[in-house]
Each structure stands twice: as structure tokens, then as C-alpha cells.
Amino acid sequence: MSLLENLNPEQLAAVTLPNQSALILAGAGSGKTRVLTTRIAWLIQTGNIGPNGLLAVTFTNKAAREMLTRISAMLPINVRGMWVGTFHGLCNRMLRAHHRDAGLPQLFQILDSQDQHAAVKRMLKAANADEDRFPPREVQNFINAAKEEGRRPRDVEIADESSRRFADLYAAYEEQCQREGAVDFAELLLRTYELLSKNEVLREHYRSRFRHILVDEFQDTNRLQYRWLKLLAGPANVVFAVGDDDQSIYRFRGANVGNMAEFERDFHVQNVIRLEQNYRSFGHILDAANALIAHNKRRLGKNLWTSSGKGEPVRVHEAGSDNEEARWLVEEIQSLAREGLRLADIAMLYRSNAQSRVIEHALFSAGMPYRVYGGLRFFERLEIKHALAYLRLLANPDDDGAFLRVANFPARGIGARTLEQLQDAAKSGGMSLYKAAGALAGKAGAAIAAFLRIVESLRSETQGLPLKEAVEVMLERSGLVAHYRSEKDGADRVENLLELVNAAAAYIQEEDANDLAAFLAHAALESGDNQAAEGADALQLMTVHSAKGLEFQAVFVTGLEEGLFPHEQSVFEDDGLEEERRLMYVAITRARARLYLSFAQTRMLHGQTRYNVASRFLDEIPAGGLKWLTPRLRGSSPMEDVAWAAPKRVPQPAVPDHGFRIGQSVLHPKFGQGVIVNAEGSGIDARLQINFGRQGMKWLALEYAKLQPA
DNA sequence: AATCCGTCTATTTTT
DNA sequence: TAGACGGATT
């Protein structure tokens, strides 16, 4: 059986597990995707189920695509039509199929986070809510949190006046969405959950159809997603959950690692299979990762190993400043490139996006090509949003969000007053803006009427046209392209709009349904690439979060400073530090052959210089596997026989009379090593503010503190 | 309706 | 430092 060739014993056991639910603890680089896809192929090949008898769920569209590609490489079957997708994608599919049962219009629109934000703002305005007490962002978070707990407005706990108001606003938001036929991300999940929960026939239909349910990145599921799975699975179905609790880094978004333990209990898991053999990194890198993560208390437990030898030590570099760190990075990368490493095989990771600036600056000055991941994605761009809004109005005239977005864009003399007037009319008539617009008279009415004519003629002209041509007509008729052509910096936007035509042409809908609605759902569910074009050999820059799931020949983890990584905000959060450590674990395990850890003594943050202590994570990695590229003040390691880099240059302020200066490292008998961050007073009366990293920030009187220069 | 200016704020972000 | 936002100005 060629399918099962070259699987290690644990992988093999997982793939061929008999019909009972199982939890696969798959460490980084342990062949998780391979196990998942081979399992599917094996189930089908052995006649256990047909391609349509299983459902596989992932978190990203990319992962879903990858899975389908691999399956079709393993089996001579048509994978189109298989239920492999993201939670949201699969829910969308169910809701489209059963929109009536779910209480939704056939062409319901999906709101992405941006759209939702706008919708909440609109609702708050209509409800006359005090913007200071109810900021849109907070209300949005409240609503999403409630939905992810499976709570409707009536289920929200009301403790005080404020929570009562929040619940009311939530209700108003729901009403608005329902009226407009709009569904946000969390709603896709909750609606489907409620649909299955209330409708026994449907529930049984899907339960008997999907005998096998497979879940990827299980540690990232939130409470609602877990309940959804539990509901869909029922007692007789087999759930194959793959995850790694050590790589749970999205708790702040509602991911609940606790689902893993709960899953074991709820599904009577007999088999927890650990995939611990790592096929990605060399020994020293894995040792570092293992040692680090061992500092976490709550773990299911796992130790990665490799048969490929220790490899190179983990290199550590200390820089005087963020700028110096960046310059060193460039030099080091240049030497890696000279050794023949492709730039695209090198990643620079950082904890927060703001850190990329300094690095980018240095790379730019050195003329080194790089690519930054993150930022605006294709379908999130303003001009694309505008274009989509026109399309949305065609699909669903009651979409007030779309109406407001483009009624006066490009400008056609519809002012804020007109729109307000219109909103009032719509509200009192209990109808959508579009419907109310027809009745508006007077001068304002004329402008509005012109807009309606545009939409109506668009509608009739695109009737029956293939999607691609419909988009072309829309771009033309709406005046969007013309508008951006006439704008001085509009060239990129025009290009993007034309790219939208390509996207429409390339879009192949999965089954049945309305082209346009399906394309709009696609646009909302898959916001597109957020990385520059492939092809050119360029260095990869990204946050540690977005590096999850990727691997590189060489990895630089930068900015390893207390307060930055671990982030200072994290210490206030329950379990925050452990999550930061998991994040560091993810960072380390991205590297195949070479891993660099770097930090800087000073860093410009929020417009002022901060003096930092090295991250505690550096101390949590055994010194034996580390090779310091810069001199260290204390401690030693066997590998410290390296040529030391140029002496550190810290910008030095004038030395005050007491002999201590800002930025200086000092040693305190109780608090250990710290860095002077601030000082006031002079002579014997001076007080120094010292950052002791883990011990915190302290103000010490020089007279009493027994400080010595370190 | 577009632009300018002061104020505020500042992790991470699969869908 | 830099961007986002709201209010005021042209």
C-alpha cells in the first residue's frame, strides 16, 4: 500500500486508527498535514467512506486548499465538492443550502470585520448611543464575544445598567443585520449551530452523511466552534482532531486550548497519539524549543526529537540599539547569502509589527529585497470594497451598508444631510435605504434618483452576463475606474480594480448557486493575499503569529527583550506569559538549519527610547546549545569561543555626578541585573528608575540601594 | 466637499 | 514616531 509508505509508527497508527474518535498531538514539523490527508485518503481507499462522507475543517483557506491538493495527488478522485474548508466556509455552505430554515434571504451578505465595524457604528448612531460610553470597537467585541459563547441578546447576563445597554445594542445590531440580510463571521457559526440544533431532520442528515469529521489546528478552536463540532458529530460519528497545545497562540481571539482536554472527555478518546518526531529542524534548535516550552505549567506534554543530528548551535546576538540590531541583521544575511542561501529561505520574525520599520529601513538602505507579510489584503482595500459594494447592491438592494458606502462615491452630490434624511425615512417606513430612496423628493431626491438609475441600469445590463463581464460593466458604469484614473495617486487603485476583474474571471464557483453571491461570499471569506507577489527572491519579514505553519532554512527572532517579547501587556493577562512562551516556541520551531536570537539594549518605541533587559526566554534556553556572537557580561558557555563582534555602541548621555547614567547596566543585591531607565536629583539625593526585567521597574534611592555597575 | 490640524494612542489577528 | 480620527476651516 503505497499510501502508507514511509510513515513512522505513530503516524501510521494515527492514519489507520479504527473507527473511534482520536486526538493527535502533533508537534511542530511532525508531518501533521501529511497525517491528516493520508488519513482521509486511507479512509476513502479502504472503502470506509466515500469522498462525500467526510468533513474536514481547517482555519485558513490556504490550509484547506493544501489539503485538497494533497488528497487529489494521492487518489484518483475529483476533490471538488468535498466538504473540506474553513469553519466559516463550511457554515456558509450549509446556510446557503438551507437559508430558509436558517431564516436568511437566499443572497445574504457576509460582513467581514471591517464591514461589521461599519455596521456597528451605523447601529450606534441610529440608536443614539453615547459614543464615549459605547465605543464601536468595544460594542463589536462585546457582540462577537457573546456570539462565541453562543449567547443571543436575551441570553446576555445583565448585571448593571451598562450591561443592559450593551445587550440592547446587541439586539439592535441583530435587528439591523436581519433587516439587511447581513451575516458576520461569528453569526455564520452561531446561525449554523442553531440551525442544526433546532432542526432535527437536518442534523440527522448531516450526521449520517459525515461519518468522519477531521479537524486541523484543533487548539485554535473557540467555544462555539467546539460546540458546533460536538453537535454535528453526535455520539456515533468519528472525530479525528489534530492539534498542538504548545502552539496555541490565539487565545486573545477566543481560541480555547481547554477544548483539547474537553474533547478527550466528551468523545471518550481512547487514543491520544503523539507525533513527536520532527522532520524540520536540527537537534540544537529542537533542544532550545523543548527546554523553553518546558517552563509552561499547563501542557499536555510532548517532546520533539529528530534523527538528523544536532546541527548548528543557536546563535545569540546583543546589539546596542534597535538600529544596530538591524544593521547587524543585514550583515549577517549578506553573509548567509554569500554562503548560497536564498533570501526567500530566510525569515525575520518579530513580536509586533512596529518593529519591522527599523529593519525595513536597514534593508532598504542596503538594497536588499524583502517582503513584508501582513497589512491590507486584496479584498480589504478601499477601492475593492467600493467595487464590491456596487456588486452587493445588485445582489441585495436592502444592503444598507453597501448603499451608504457608494451612494456618493464617486461623488455625485449626495451629502450627509441627504443621507440622514434618507435614513430617517427608511427608519420610519421600516424599509431599506434603497426602497426609501425612491420616495425621496426635492433637490436631494434628484441626486438620489440619479444614483438609483445607475444601479438599476447596472442591474439590467449585467443581467445574465458572466461574472467577469458583469464586473467590467460595473467598474465602467459606477464611474469607479474613471474616478481613480483622474486622481493623482489613483494608478495603484485602478490596477487593483482591474485585478478584481481577473479575480472574477478566475473564480470558479463550487456548485450551483448564484455566481455573484458566491463570488461576494468568497471575497468576504477569503480576503486574499497579504503578501507581495511571489517570484522574486526576497527576504521574508513577518510577525511570529503570521509565521505559524511556515518554515525557513534560517530564522532570525528579533527584539528579544523584556516588555517586547514577552510583551509587557501579557503579564496582566491570565496565562499571558505562557502564551508568549508558546509564541516563542512557534518562532523557534520555524527554523530548519539556522536560528538566530537577537535583542537590543535600547529601542525607540512610541517616539521615545526605551532601555531594555534581555528577554527571560533567553535564560530559559540551556546555555550549552547557545553560541553568543557578542560578549556576555556573566555566565559562560562552552561554545563561547567565537570571535566577538565590534564593541557595542550605546548612545551615552553625559555622566552625572553620582556616576550612574541612563542606559547603564547595574547589579542590585536583591533584584539582580537591571538597566537604568531614568534618573532624578543629583549627588547623594539622586533617585534612579531601574528596569529589572522580570522583577519589574523600580525607583531606588541611590543613598540606600547598594548598586554596583555591572 | 475637501483639507488641515491638533489630539490620542500604541500586541498579536486564521475567518 | 506615525497613523487614525474628529472637528474646524477653507
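Quick note on labels: first sequence line is chain A, next is B, and so on, each numbered from 1.
Atom CD1 of A/I414 is separated from atom P of B/dA1 by 9 Å (rounded to the nearest Å). Separating the CG atom of A/D112 from the C1' atom of B/dT13 is a distance of 13 Å, rounded to the nearest angstrom. Rounded to whole Å, atom C1' of C/dC5 lies 14 Å from atom NZ of A/K125. Between the CZ atom of A/R251 and the P atom of B/dT13 there is a distance of 16 Å, given to the nearest Å. Across the protein-nucleic acid pair, A/E579 atom CD and B/dT13 atom C1' stand 12 Å apart, rounded to whole Å. The OH-C1' distance, from A/Y350 to B/dT11, rounds to 13 Å in whole Å. Whole-Å rounding puts the A/M584 CE to B/dT11 P distance at 21 Å. The interatomic distance linking A/E360 (CD) with C/dT1 (P) rounds to 18 Å, in whole Å.
A salt bridge links A/E325 and A/R603; the closest N-O separation between the charged side-chain nitrogens and carboxylate oxygens is under 4.0 Å.
Within the 4.0 angstrom heavy-atom criterion, no nucleotide atom of any strand lies near A/E148. Counting any heavy atom pair closer than 4.0 Å across all strands shown, A/G549 reaches no nucleic acid atom. When heavy atoms are screened at a 4.0 angstrom cut-off, A/N61 is found touching the sugar-phosphate backbone but no base atom. Base engagement by A/S113 is indicated by at least one non-hydrogen atom pair under 4.0 Å involving a base atom.
Listed nucleotides: B/dT15, B/dT13, C/dT1. Nearest to the side chain of A/Y250: B/dT13. The A/Q569 side chain lies nearest to B/dT11 when the options are B/dT14, B/dT11, B/dT12. Closest to the side chain of A/F252, from the set B/dT13, C/dA2, B/dT14, is B/dT13.
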Enumerate the protein-to-nucleotides 8-10 of chain B contacts in which both atoms are nitrogen or oxygen and the separation is below 3.5 Å.
from	atom 1	to	atom 2	distance (Å)
B/dA10	N3	A/H606	ND1	3.3

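Stacking annotation: A/H567 is stacked on the base of B/dT11 (ring centroids less than 5.5 angstrom apart, interplanar angle below 30 degrees).
OP1 or OP2 of B/dT13 lies within a sub-4.0 Å distance of a side-chain N or O belonging to A/N353. Contact between the side-chain N/O atoms of A/R357 and the OP1/OP2 oxygens of C/dA2 is found at a separation under 4.0 Å. Side-chain N/O atoms of A/T543 include one lying less than 4.0 angstrom from OP1 or OP2 on B/dT13. Residue A/R253 has no polar side-chain atom (N or O) positioned under 4.0 Å from OP1 or OP2 of B/dT15.
B/dT12: glycosidic angle beyond 90° from 0, hence anti.
Residues A/Q219 and A/E217 have side chains that bring a donor and an acceptor to within less than 3.5 angstrom of each other. A/E383 and A/Y484 form no side-chain donor-acceptor contact under 3.5 Å, judged by distance and modelled atom types alone. Between A/E180 and A/Q109, the side chains place no donor N or O within less than 3.5 Å of an acceptor N or O (distance only, hydrogens not considered). In summary, the side chains of A/N256 and A/N259 do present a donor paired with an acceptor at a separation below 3.5 Å, with no hydrogens or angles considered. Side-chain N/O atoms of A/R377 and A/S527 include a donor and acceptor closer than 3.5 Å. A donor atom on one side chain and an acceptor atom on the other are not found under 3.5 Å apart for A/Y585 and A/D244. If you check the side chains of A/E66 and A/T69, you find no donor sitting under 3.5 Å from an acceptor.
Aromatic rings from A/F599 and A/F565 are positioned such that their centres are separated by 6.0 Å or more.
Against DNA chain B, the stretch residues 401-412 of chain A makes heavy-atom approaches under 4.0 Å through A/N408.
For A/F185, the ring-ring contact (aromatic ring centres under 6.0 Å, His included) criterion is met by A/H88, not counting sequence neighbours.
Using modelled atom types, one side-chain atom of A/R590 and one backbone atom of A/L550 make a donor-acceptor pair closer than 3.5 Å.
Comparing A/E380 and A/L583 by the nucleotide of DNA chain B whose heavy atom lies nearest to each, the residue mapping closer to the 5' end is A/L583.
Taking atom C1' in both B/dT12 and C/dC5, one finds a spacing of 23 Å when rounded to whole Å.
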